[in-house]
Amino acid sequence: MVRTQEREPRLDRPGLRFVAAFDDIDAALMHLHERLRRQLVTLEPRRYAVGLEEAVIAADAIELDHRRVFIEPALATCARIDHGVEALHRRHRWWDRLLHAVGAFAVLLLLLWGMRPL
């Protein structure tokens with residue numbers, strides 16, 4: 001992952017195969033680290049022991065506004081990447097629904113607690 005504040009990423013870097021251009025790079029790096037934290041090899045410079053497809057899935061599944069650019073044409077047509085991103089999105093939606101249900105249950109309990117006579 002290359003961190004840059006430039007609006008357009010430089011696509012001529014050696015070894016670059018995929019670009020995910022985020023508006024908020026700090027939030028994107030935090031989400032990427034959260035997804036890949038168990039594969040962290042070194043902190044400075046931050047390196048992860050994952051394959052290319054797994055890294056692309058982790059970066060592309062971040063649910064922040066971003067633009068993706070496939071430098072390597074084979075990645076653009078890789079079904080495993082599309083399925084992996086969709087699986088992570090499904091998992092995120094499942095956790096969102098679960099936490100909303102827990103919140104609604106807590107509000108209901110507070111309302112019932114407040115309605116009981118003293």
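Computed from a predicted model, the values in this text were never measured in an experiment.
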Find the distance between [atom1] ([X]) and [atom2] ([Y]) and round it off to the nearest 0.5 Å.
X: H92; Y: H31; atom1: NE2; atom2: NE2; answer: 9.0 Å
X: T42; Y: Y48; atom1: OG1; atom2: OH; answer: 9.0 Å
X: I62; Y: R68; atom1: CD1; atom2: CZ; answer: 13.0 Å

If you look at every heavy atom in [X] and [Y], which pair is closest and at what distance?
X: I57; Y: G84; value: CG2-C, 3.7 Å
X: C78; Y: E53; value: SG-OE2, 3.4 Å
X: H66; Y: A20; value: CD2-CB, 4.1 Å
X: V56; Y: F70; value: CG1-CE2, 4.2 Å
X: L40; Y: L43; value: CD2-CD1, 4.1 Å
X: A61; Y: H89; value: O-NE2, 3.3 Å

Donor-acceptor pair, side chain of H33 and main chain of L29, under 3.5 angstrom:
no

Does the side chain of L88 come within less than 4.5 Å of E63's, by heavy atoms?
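In short, these two side chains do not touch, never coming nearer than 4.5 Å.
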
Side-chain heavy atoms nearer than 4.5 Å, only ILVMFWY residues, links allowed to pass through others: does that put [X] and [Y] together?
X: L52; Y: V19; value: no
X: L32; Y: L64; value: yes
X: V69; Y: L16; value: yes
X: I81; Y: I71; value: no

Salt bridge check, E54 against R35: does any charged N sit closer than 4.0 Å to a carboxylate O?
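Salt bridge between R35 and E54, a charged N being under 4.0 Å from a carboxylate O: yes.
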
Could you tell me whether R38 atom CZ has more than 12 heavy atoms of other residues or ligands within 6.0 Å of it?
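No, because the 6.0 Å sphere around CZ of R38 holds 12 heavy atoms or fewer from other groups.
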
Any chance CZ of R93 has more than 12 other-residue heavy atoms, nucleotides or ligands included, within less than 6.0 Å?
yes

Could R90 and W94 be counted as a cation-pi pair, given that NZ or CZ must be under 6.0 Å from the ring centre and within 45° of the axis?
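No cation-pi geometry.
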
